[in-house]
There are 2 protein chains.
Amino acid sequence: MASLTSGNRRPVRLADIAKAAGVSHGTASNVFSRPEIVREEVRERVRAAAEAMGYGGPDPKGRLLRAGKVNAIGVATAEPLSYFFDDPFARVMMAGISQACDATGAGISLVSAANNEQLAWNIQSALVDGFIVFCIEGGSRLVELARERKLPFVALDLDSEDGSVAAIGVDNIAGAGMAARHLTDLGHRRFAVLALPFADDRTGLVSAEQVRAATYAGTRDRLTGYLRELSRVGVDTSKVPVYETANDVASTKAGLETIFASDAPPTAILAMSDRIALVALEWLSARGLNVPDDVSIVGFDGVPEAAVSEPPLTTIAQPIAEMGRLAVRAILESDGPVSRHQLPVELIVRSSSGPPRG
Amino acid sequence: MASLTSGNRRPVRLADIAKAAGVSHGTASNVFSRPEIVREEVRERVRAAAEAMGYGGPDPKGRLLRAGKVNAIGVATAEPLSYFFDDPFARVMMAGISQACDATGAGISLVSAANNEQLAWNIQSALVDGFIVFCIEGGSRLVELARERKLPFVALDLDSEDGSVAAIGVDNIAGAGMAARHLTDLGHRRFAVLALPFADDRTGLVSAEQVRAATYAGTRDRLTGYLRELSRVGVDTSKVPVYETANDVASTKAGLETIFASDAPPTAILAMSDRIALVALEWLSARGLNVPDDVSIVGFDGVPEAAVSEPPLTTIAQPIAEMGRLAVRAILESDGPVSRHQLPVELIVRSSSGPPRG
DNA sequence: AGCAAAATTTGAATCGATCCAAACAAAATG
DNA sequence: CATTTTGTTTGGATCGATTCAAATTTTGCT
């Protein structure tokens, strides 16, 4: 039926319908972008030609080059793409980002990749006006890549010393301090820390040197916050086991095995993420240990899942969605000097923490 | 410091560094895209110039026009952007889409909008190689918009009669039949249906005419599947209340109020989505009705949440992630004739369904 | 050195639009 | 009728790259 113009495999261009309608390409362009300035008769003629030739409207590829602005922001991470839809923290963050994008009519491009080369290429070739970078793991490399694009970008949850990158984060030291303080107030004196990565691709008990050499300043800050508070009440922090996890199930369980192999197991666990804490909750219950009677546990992040776990998790809540919103605004209104926001956190006491037995 | 070349507001182009390095732009281009074919000495000279002038690498905007392919697929919906991260069904679907995109190195662009004009524009100007369209609500308009772009696109979960659009869906009639059959087998004879939208922006009890005039064929098919099975065991289907919800909390609760205001309330509810069923579960429990003893309920979709609800939900599971993967493949390998896939569904019996009391 | 083969480099053409100053036409005004 | 004014249309320039045939330089070989 519609094969009048078919056979010609090449897609129709604006110039084609201009010729068909007997007008200049300038006029043809106007028919689509500012129809009100072209005479009705001509307008209809051009539209009819477009219809007849199966023209799908001005190709944004062409428009883009001229316009310069893509009207989309890229959200990048070193995790696979599904991270955005699976991870609770990421999802709340994305909800905030979505909101801000919706409000301004900007689109979202998800940028990510399994392997490193692909990631570099994806970032280099992403059609976006700026990047929001998720600095969970492989953060430093991501930031480097994003910086090379010379586009505005904001690092999320990064506590980089590098003042030249815009970043939005929370006061990790204060937050961690609040978590520790909550537990010491309850009377705990035997602790263990389940940490986020200090550096890439490593898990296990960490030494003081390794902490000092941490790639991830955020992890180090949380630890600092914990230990500072613990030593305030006289705990020998050199005896507190700090197990570095990869923020996943396997390494967290391994950490718990290690920690509870001790003669004097902790009565309280400081987990640097809710994800870790949630895994710990499950592991402890499977082990027959009661939370909070045998072991108290405090998470970090404040993801929705923490509110409905068994038992509900005491945690340090970050204003995750707000951070997302702020990030979008920082990109879109990227004008002034590099902006570095530090947002407040909040201790949310639920049922995973209580006084130690006896 | 780095202000040697600053002051010049205009971004650096490839041509600029070509001139600075004293080579043609052809050679400059090769330095970035096929470095192996340019003499080392020249290559370094160009790279140095790029570095010095703060060049961020070839702008994808330019490359795109020449290359033609964006290497990204657009996922469109008429809901706000946050839908992709909030809705359980969407999330599982996106996980499937992500997987397939990761495997081929394609990116994902989220296309959506609050209001209709914005949506049209967003679809018209999306930089993508094809669309995956979520036909939840406002589906017909979305499909129309996508079709106008003349790009490959696949409609998800759409049971359109229109054979000209590629679609991936499930056998709604068979699935609904399985749900109804499960309940009739348990002995139920008094039913109510909590339906998805038959048309846009309407909720309430629906009449037979309204069903016949349904915009959404999928909804109609599910109802057909339900009723066909019910009449098979002698239920007077004209007496079965069918309440059209907007697949949200408010309209579902309104539907339940209506249904349970009856003298002879149903002993079994057929819900066209797990989301509806989950809301119903909560409503019934708040009402003091026991599920499944007082009321049985069967959902549709098979979202992860349905497995952990209280009680766990009996449902008709769709291969959601698989549908997402299939959709991506259909876009990327869009060659042959319009493909229409119909995937099988599966009855998953959990604890929300049981024999009626007495 | 002389010549063919191989390795580099060049520069024009192209991708698909938008923009804008100038040209032109039609209508309004003196 | 000449002159503005207003409304349309035109075509060249531009956005920022890639590509490729042709030109040029280098290298290899006798």
Side-chain angles (χ1 to χ4, degrees), chain A residues 9-47 49-50 53-71 121 124-129 149-151, chain B residues 8-46 49-50 53-71 121 124-129 149-151:
Chain A
R9 209 80 191 76
R10 201 147 154 295
V12 224
R13 298 185 322 292
L14 185 54
D16 298 328
I17 69 160
K19 191 185 300 175
V23 299
S24 72
H25 57 269
T27 299
S29 173
N30 285 335
V31 168
F32 293 97
S33 46
R34 303 129 86 193
E36 69 281 3
I37 75 163
V38 15
R39 194 152 45 93
E40 168 153 7
E41 188 250 315
V42 177
R43 199 194 313 152
E44 288 316 315
R45 185 147 40 91
V46 173
R47 286 209 174 122
M53 303 180 74
Y55 181 62
D59 188 331
K61 291 202 285 290
R63 191 210 328 275
L64 174 61
L65 188 52
R66 194 98 238 289
K69 281 208 58 156
V70 186
N71 198 34
W121 172 253
Q124 280 156 16
S125 64
L127 291 157
V128 297
D129 297 319
R149 264 302 289 276
K150 316 264 168 167
L151 285 178
Chain B
N8 184 5
R9 210 81 194 76
R10 202 148 153 296
V12 220
R13 301 187 317 296
L14 185 53
D16 298 328
I17 69 160
K19 190 185 302 175
V23 299
S24 73
H25 50 264
T27 299
S29 173
N30 285 335
V31 169
F32 294 96
S33 46
R34 304 128 85 193
E36 69 281 3
I37 74 163
V38 15
R39 195 151 46 92
E40 170 155 6
E41 188 251 316
V42 177
R43 199 193 312 151
E44 289 315 316
R45 184 147 41 93
V46 173
M53 303 181 72
Y55 182 62
D59 188 332
K61 292 201 285 289
R63 190 209 333 273
L64 174 61
L65 188 52
R66 192 102 237 289
K69 280 208 60 159
V70 186
N71 199 33
W121 172 253
Q124 280 156 15
S125 64
L127 291 156
V128 298
D129 297 321
R149 264 303 289 276
K150 317 265 168 164
L151 285 178

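A, B, ... follow the sequence lines: proteins, then strands. Residue 1 opens every chain. All figures in this text were calculated on a predicted structure; none of them were measured in a lab.
- The CZ atom of B:R34 sits 13 Å away from the P atom of C:dT8 (whole-angstrom rounding).
- Taking CG from B:N30 and NE2 from B:H25, the interatomic distance works out to 10.5 Å, rounded to the nearest 0.5 Å.
- Distance CZ (A:R149) to P (D:dG16): 13 Å, rounded to an integer number of Å.
- Contact check for A:R63 versus A:R66: no side-chain heavy atoms found under the 4.5 Å cut-off.
- Under a cut-off of 6.0 angstrom, the local environment of NZ in A:K150 is crowded, with over 12 non-hydrogen atoms contributed by other residues, nucleotides or ligands.
- The distance from the CZ atom of B:R45 to the CD1 atom of B:I17 is 11.5 Å, given to the nearest 0.5 Å.
- The interatomic distance linking B:F32 (CZ) with D:dT18 (P) rounds to 9 Å, in whole Å.
- Rounded to an integer number of Å, the gap from B:L14 CG to D:dT19 P is 12 Å.
- Looking at B:R13 and B:D16, a side-chain N of the basic residue comes within less than 4.0 Å of a carboxylate O on the acidic one, giving a salt bridge.
- For B:L127 and C:dA17, the CG to P distance is 13 Å, given to the nearest whole Å.
- By the 6.0 Å contact criterion, CD on B:E40 is open, its count of non-hydrogen atoms from other residues, nucleotides or ligands being 12 or less.
- Using a 4.0 Å cut-off, no side-chain N or O of B:R66 falls inside it from OP1 or OP2 of D:dA17.
- For the atom pair A:L65 CG and B:L64 CG, the distance stands at 8.5 Å (nearest 0.5 Å).
- Rounding to whole angstrom units, NZ of residue B:K150 and P of C:dG16 are separated by 16 Å.
- Between the side chain of B:R63 and the base of D:dT18, no donor-acceptor pair of N or O atoms lies under 3.5 Å.
- Rounded to whole angstrom, the span from the CD atom of B:E41 across to the C1' atom of D:dT26 amounts to 14 Å.
- An OP1 or OP2 oxygen of C:dG16 is reached within less than 4.0 angstrom by no side-chain nitrogen or oxygen of A:Y55.
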For nucleotides 8-10 of chain D, give me every protein contact, N/O to N/O, under 3.5 Å, one pair per line with atom names.
unit_1 : atom_1 : unit_2 : atom_2 : d
D:dT9  : OP1    : A:R39  : NE     : 3.2
D:dT9  : OP1    : A:R39  : NH2    : 3.0
D:dT9  : OP2    : A:R39  : N      : 3.2
D:dT10 : OP2    : A:S24  : N      : 3.0
D:dT10 : OP2    : A:S24  : OG     : 3.3
D:dT10 : OP2    : A:T27  : OG1    : 3.0

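- In this structure, the CG atom of A:L64 is 10 Å from the P atom of D:dG16, given to the nearest Å.
- Minimum atom distance to the side chain of B:S29 is reached by D:dT18, of the listed C:dA17, D:dG16, D:dT18.
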